[in-house]
Amino acid sequence: MGNPPEQSGFARLRHAAFLESMATDLPRNYATQEVNHLTLAYFAVAGLSLVRELHLVDKDQITKWILTFQVHPEAHDDLDNGQFYGFCGSRTTQYPSNNLKDPSHNGSHLASTYSALAILKIVGYDVLNIDSKALLHSMKKLQQPDGSFMPTHIGAETDLRFVYCAAAICSMLKDWTGMDKEKAKEYILNCQSYDGGFGMVPGSDESGGGTFCAVAALYLMGFIQVDLTSNLRESGSIDVQLLLEWCLQRQAADGGFQGRRNKPADTCYAFWVGGVLKIIGAYHLIDQSALREFLLTCQSPYGGFTKFPDDGFPDIYHSYYGLAALSLLEEEEVEPLCAELGIMSAAL
């Protein structure tokens, strides 16, 4: 490969070219993530929407492809058989397997279901047309007594990621029968650490990702206000003062955001932590100019973003979240983002 092209400022068209290539033909080093195919597709499609180049993909074809991943009950009585009727994450999770836990071969997963609905909304499909009754009825059975969610009916870890997925799914489908919001709220409150951030599970170390999942879920469920003054005045939910201090302390000397204490700044946390500040109405308190400069140092000359500044080749995960962070900064050439749902505002 020759020398990378020189760049100055935000390289929108190079990012579009990178994301278009990812949307059509993933490099082979992503083969081990095949089970997360829908999530990878979400990063590519959502990224293209943010750089205003969604026309580079066939939206109708994407819609048809996404809908093939939804699992449907064969009969009405199947709704109470314990299975989750959401979306599978890839073709292999739809194939018969030797998994004795799940002889039905239903690979529906909460994260894949979130990704599927988000993509459908981005490409302009009305998600209210899907079979949401079966999806939400079966999803509620994934909620545990402590308010957390398993991501799949065959059993797996329970943490804030899947509480967030459940809340986002209910929000996009405009139907909250799929979860007990009060129980979910109690679980989230139990995850707040002594210094204001949130761990993925109660008692664990706080992180930027866990904090975003907690705050975004609470906001979607209606437990957080839209402005900072109201949030600081509220005392019945999370400790917003501690949360605010924790988030502001995550902006590092180089302008970027770290995911936890004593870690280097990382592209994705500009969204995970920045998104929290946006949701609670405190985004104006960060050094936005320094953050933009940091993000541009993570911009690959080949298009896309790297995890750290000047870190070699870009990846699809950090490329999407780099664009999402620039959207929060109201970058001129980037589409506005609905931070709590992770989709462009125009798709709502």
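Just so you know, these numbers use all the heavy atoms, side chains as well, and skip hydrogens, waters and symmetry mates. Since the model is a prediction, treat every value here as computed from it, not as a measurement.
Scanning both residues, Gln251 and Ala290, for their nearest heavy atoms gives NE2-CB, 4.5 Å. Taking all atoms of both residues into account, the shortest heavy-atom contact from Cys247 to Phe257 is O-CE2, 3.6 Å. What you find for Gly274 and Tyr283 is that their closest heavy atoms are O-CD1, 3.4 Å.
A salt bridge links Arg12 with Glu53: the closest approach of a Lys/Arg side-chain nitrogen to an acidic carboxylate oxygen falls below 4.0 angstrom. Between Arg261 and Asp195 there is a salt bridge, since a side-chain N of the basic residue sits under 4.0 Å from a carboxylate O of the acidic one. Under the 4.0 Å criterion applied to side-chain N and carboxylate O atoms, Arg292 and Glu331 are assigned as salt-bridge partners.
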Chi angles and distances behind the side-chain hydrogen bond (donor to acceptor under 3.5 Å, both in side chains) call for Gln144, Thr158: CA-CA 8 Å; Gln144 304 301 294; Thr158 61; over 6 Å; no
Salt bridge (charged side-chain N to carboxylate O under 4.0 Å, His left out) evaluation trace for Lys278 with Glu340: CA-CA 9 Å; Lys278 196 78 167 183; Glu340 61 271 17; over 6 Å; no
Criterion side-chain hydrogen bond (donor to acceptor under 3.5 Å, both in side chains) on Arg91 and Thr68, from CA distance to verdict: CA-CA 9 Å; Arg91 288 286 175 244; Thr68 64; 2.7 Å; yes
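Between the side chain of Gln192 and the main chain of Asp239, a donor-acceptor pair closer than 3.5 Å is present. Between the Ser171 side chain and the Ala167 main chain, no donor and acceptor come within less than 3.5 Å of each other.
More than 12 heavy atoms of other residues, nucleotides or ligands shown are found within 6.0 angstrom of NZ on Lys141. When the shell of 6.0 Å around CD of Glu34 is examined, it contains more than 12 heavy atoms from other residues, nucleotides or ligands.
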Distance-only check: which donor-acceptor pairs under 3.5 Å involve side-chain atoms of residues 308-318, not counting sequence neighbours?
from	atom 1	to	atom 2	distance (Å)
Asp315	OD1	Tyr317	N	3.0
Asp315	OD1	His318	N	2.8
Asp315	OD1	His318	ND1	3.1
Asp315	OD2	His318	ND1	2.9
Tyr317	OH	Trp272	NE1	3.1
His318	NE2	Asp266	OD1	3.2

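Ring orientation note: the planes of His15 and Phe305 are close to parallel, at an angle under 30° on the 30°/60° scale.
Side-chain contact of Tyr42 with Tyr320: a donor-acceptor pair under 3.5 Å is present, judged by distance alone. Side chain to side chain, Glu245 and Gln241 meet the donor-acceptor criterion of an N or O pair below 3.5 Å. Using modelled atom types, one finds no donor on one side chain facing an acceptor on the other under 3.5 Å when comparing Asp60 with Thr63.
Residues Tyr114 and Phe87 place their aromatic rings such that the two centres sit no closer than 6.0 Å. Checked against the 6.0 Å centroid threshold, Tyr164 and Phe212 count as a close aromatic pair.
Listed by chain and number, the residues in a ring-ring contact (aromatic ring centres under 6.0 Å, His included) with Phe18 amount to none (sequence neighbours excluded).
By the 6.0 Å and 45° rule, Arg161 does not stack over the aromatic ring of Phe149.
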